[in-house]
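Written below as structure tokens is the structure these notes are about.
All residue numbers refer to positions in the sequence shown, counting from 1.
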Amino acid sequence: MAGLYLEEFVVGRVFQHTLRKTVTESDNMLFSVMTLNPQPLHIDFDFAAKSEWGKPLVNSLFTLGLMIGISVNDITVGTTIANLGMKETVFPHPVFHGDTIRVETTVISARESKSKPDRGIVEFEHRAYNQNDVLVAKCTRQAMMMKKAA
């Protein structure tokens, strides 16, 4: 399915994304190594076992990327010009190896560009939940989106 164009975004619409992902130890280790993040809470099982969590936490930036990535196929694949920013990003509950993540997206606002007539800006709120419906991540994202060709 192609992504939506600016004119197709309805403020208040909620997308329940069907794509889900079970996060693996390999996902967490690979992401942490690829991003040069040596945080022992993510990569050192002995260290993490002695933490308040008792086991490794999934890197929160992996969780953020996964949350937004899950949304792409349903709403923005091929129609995004650029991400403009993310704000109000929170991780209210940790993600652990074996958690299955699902995502919802709400369209917060949509407007035409003031300087470029072929595009506009859409603001999304993405929310990620684990298999127990516990909120594990949330962010507001602004994306520059294509308009339909005239």
Side-chain angles (χ1 to χ4, degrees), residues 1-43 53 55-150:
M1 174 182 164
L4 301 175
Y5 292 92
L6 177 68
E7 299 87 344
E8 297 174 298
F9 287 104
V10 176
V11 174
R13 181 173 178 189
V14 178
F15 294 85
Q16 303 285 340
H17 305 291
T18 56
L19 187 61
R20 298 162 35 120
K21 166 105 173 94
T22 300
V23 179
T24 67
E25 174 187 336
S26 182
D27 294 329
N28 191 37
M29 292 296 285
L30 182 60
F31 185 86
S32 294
V33 169
M34 287 178 61
T35 58
L36 304 177
N37 184 339
Q39 173 53 253
L41 280 172
H42 304 314
I43 64 173
W53 307 107
K55 56 187 172 182
L57 301 176
V58 170
N59 188 311
S60 58
L61 293 180
F62 174 84
T63 302
L64 176 64
L66 177 62
M67 175 173 65
I68 292 171
I70 285 174
S71 76
V72 168
N73 196 54
D74 293 331
I75 59 176
T76 63
V77 67
T79 54
T80 301
I81 296 168
N83 278 319
L84 300 176
M86 291 155 214
K87 61 182 183 180
E88 300 170 16
T89 302
V90 296
F91 303 100
H93 189 275
V95 174
F96 300 105
H97 303 157
D99 282 352
T100 299
I101 304 301
R102 70 172 181 84
V103 177
E104 301 173 348
T105 299
T106 301
V107 178
I108 302 299
S109 65
R111 69 169 179 82
E112 292 187 5
S113 170
K114 294 174 184 166
S115 60
K116 297 186 179 181
D118 65 335
R119 61 194 69 187
I121 298 170
V122 179
E123 188 172 41
F124 303 102
E125 181 184 82
H126 301 289
R127 295 173 303 282
Y129 300 87
N130 68 14
Q131 67 280 358
N132 299 315
D133 291 325
V134 174
L135 181 69
V136 296
K138 181 172 76 167
C139 85
T140 302
R141 174 174 71 108
Q142 299 82 34
M144 187 172 292
M145 302 299 300
M146 295 177 180
K147 287 177 67 177
K148 287 184 179 178

Would you say that [X] contacts [Y] through its side chain, given a criterion of any heavy-atom pair below 4.5 Å between the two side chains?
| X | Y | value |
| --- | --- | --- |
| P92 | K138 | no |
| T35 | L61 | no |
| L4 | R13 | yes |
| V58 | D99 | no |
| V107 | F15 | yes |
| F96 | L57 | yes |
| F124 | I75 | yes |

I'd like to know if the side chain of [X] reaches the main chain of [Y], judged simply by a donor and an acceptor atom lying under 3.5 Å from each other, with no hydrogens or angles considered.
| X | Y | value |
| --- | --- | --- |
| N28 | H42 | yes |
| S113 | S115 | yes |
| S32 | M29 | no |
| N132 | V134 | no |

Margin query: Let's go through T89 and S60 carefully: what are the C-alpha distance in whole Å and the side-chain angles of both, what is the deciding distance for side-chain contact (heavy atoms from CB on, under 4.5 Å) to 0.1 Å, and is it a yes or a no?
Written below: CA-CA 10 Å; T89 302; S60 58; over 6 Å; no
Item checked: Closest approach of V122 to A110 (non-hydrogen atoms, all atoms of both residues) -> CG2-CB, 4.1 Å
What's the separation between atom [atom1] in [X] and atom [atom2] in [Y], rounded to the nearest 0.5 Å?
| X | Y | atom1 | atom2 | answer |
| --- | --- | --- | --- | --- |
| L135 | E104 | CG | CD | 9.0 Å |
| T63 | I68 | OG1 | CD1 | 11.5 Å |
| T79 | M145 | OG1 | CE | 3.0 Å |
| I43 | N37 | CD1 | CG | 7.5 Å |
| D74 | Q16 | CG | CD | 10.5 Å |
| T140 | H126 | OG1 | NE2 | 8.5 Å |

Note to self: Under a plain distance cut-off of 3.5 Å, with no hydrogens placed, do R141 and T105 share a side-chain donor-acceptor pair?
What the structure shows: no
Margin query: The test is side-chain contact (heavy atoms from CB on, under 4.5 Å); show your working for E8 and K148 and say whether it passes.
Written below: CA-CA 9 Å; E8 297 174 298; K148 287 184 179 178; 3.7 Å; yes
Next item on the list: Assess whether side-chain contact (heavy atoms from CB on, under 4.5 Å) is satisfied between L19 and N73, documenting all intermediate values.
Entry: CA-CA 9 Å; L19 187 61; N73 196 54; 5.5 Å; no
Notebook entry, point to check: Under the salt bridge (charged side-chain N to carboxylate O under 4.0 Å, His left out) criterion, do E25 and K55 qualify, and how do the steps go?
Noted result: CA-CA 11 Å; E25 174 187 336; K55 56 187 172 182; over 6 Å; no
Next item on the list: Give the C-alpha distance, both sets of side-chain angles, the deciding distance and a yes or no for side-chain contact (heavy atoms from CB on, under 4.5 Å) between F91 and L64.
Entry: CA-CA 9 Å; F91 303 100; L64 176 64; 4.1 Å; yes
Check: Of K147, R119, M146, which is the lone residue that meets side chain to side chain contact (heavy atoms under 4.5 Å, CB included) with L6?
Finding: K147
Item checked: Pair E123 + K87, salt bridge at N-O below 4.0 Å -> yes
